[in-house]
Amino acid sequence: MSDPAATLAAMLQQRRPDACATWLADASIAPGAPFDRAAFEIAFAGAGRRFGTEPVGPGVALTAAAGRTWSIAGWGLDEAARTLLVLGGVATVPEADQASFVDGLYRAGALRERQAVL
């Protein structure tokens, strides 16, 4: 089984190494970095400009801890990047704030941002 966040990070690093190099640190979700919600939201909104919207392509799939696997071949690189941010952000904010954190991203997001949250 694969960790979805690790799969997304590896795929994005392979497809856009120039964009991915400092992006997670800029988003303030790198391990050990203090969480900065404003920096996170700037990175979340800017994922389309940084990664583009081209499809991730065939053969890319995610496997959850429960063993369920699903294809993300139709996702755009921006959606994959935003999903990686959401996974990292949720792990960074206190558990009591996680639902409102995700809800806020969805409510404030444009269409492609909302798709990534879902």
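Heavy-atom basis, side chains included; hydrogens, waters and symmetry copies ignored. When a residue number appears, it is its place in the shown sequence, counting from 1.
- Thr92 OG1 to Gln98 CD: the interatomic distance, rounded to the nearest 0.5 Å, is 9.0 Å.
- Side-chain contact between Leu105 and Phe40: present, with at least one pair of heavy atoms (C-beta onward) separated by less than 4.5 Å.
- Residues Thr69 and Ala61 share a closest heavy-atom pair of CG2-CB, 3.8 Å.
- Considering Arg112, Arg15, Arg50 as possible partners of Asp78, the one that fulfils the salt bridge (Lys or Arg N to Asp or Glu O under 4.0 Å) test is Arg112.
- A pairwise comparison of heavy atoms in Ala80 and Val56 identifies CB-CG1, 4.2 Å as the closest pair.
- In this structure the side chain of Phe101 reaches within 4.5 angstrom of the side chain of Arg37, judged on heavy atoms.
- The same ILVMFWY cluster, assembled from side-chain heavy atoms under 4.5 Å apart, contains both Leu118 and Val102.
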Checklist entry - How far apart are the C-alpha atoms of Val86 and Tyr106, what are their side-chain angles, what is the distance that settles it, and do they pass the side chain to side chain contact (heavy atoms under 4.5 Å, CB included) test? => result CA-CA 10 Å; Val86 170; Tyr106 181 82; over 6 Å; no
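- Summarising the geometry, atom CD belonging to Gln13 is positioned 11.5 Å from atom CE belonging to Met11; distances are rounded to the nearest 0.5 Å.
- Scanning all heavy atoms of the two residues, the minimum distance from Gln14 to Pro17 falls at O-CD, 3.7 Å.
- Remark: side-chain polar atoms of Arg68 are not paired, donor with acceptor, to backbone N or O of Thr63 under 3.5 angstrom.
- Between Phe51 and Ala81, the closest heavy-atom pair is CD1-CB, 3.6 Å.
- Residues Leu8 and Ile72 are in side-chain contact: their nearest non-hydrogen atoms beyond the backbone lie under 4.5 Å apart.
- The distance from atom OG1 of Thr83 to atom CG of Leu12, rounded to the nearest 0.5 Å, is 9.5 Å.
- Closest approach of Arg82 to Ala47, counting heavy atoms only: CG-CB, 3.6 Å.
- Within the 3.5 Å criterion, the main-chain N or O of Ala38 finds no donor-acceptor partner in the side chain of Glu41.
- Shown here for Pro58 and Ala73, the closest heavy-atom pair between the two residues is CA-CB, 3.9 Å.
- If you chain together hydrophobic residues whose side chains sit under 4.5 Å apart, Trp70 and Leu87 fall into the same group.
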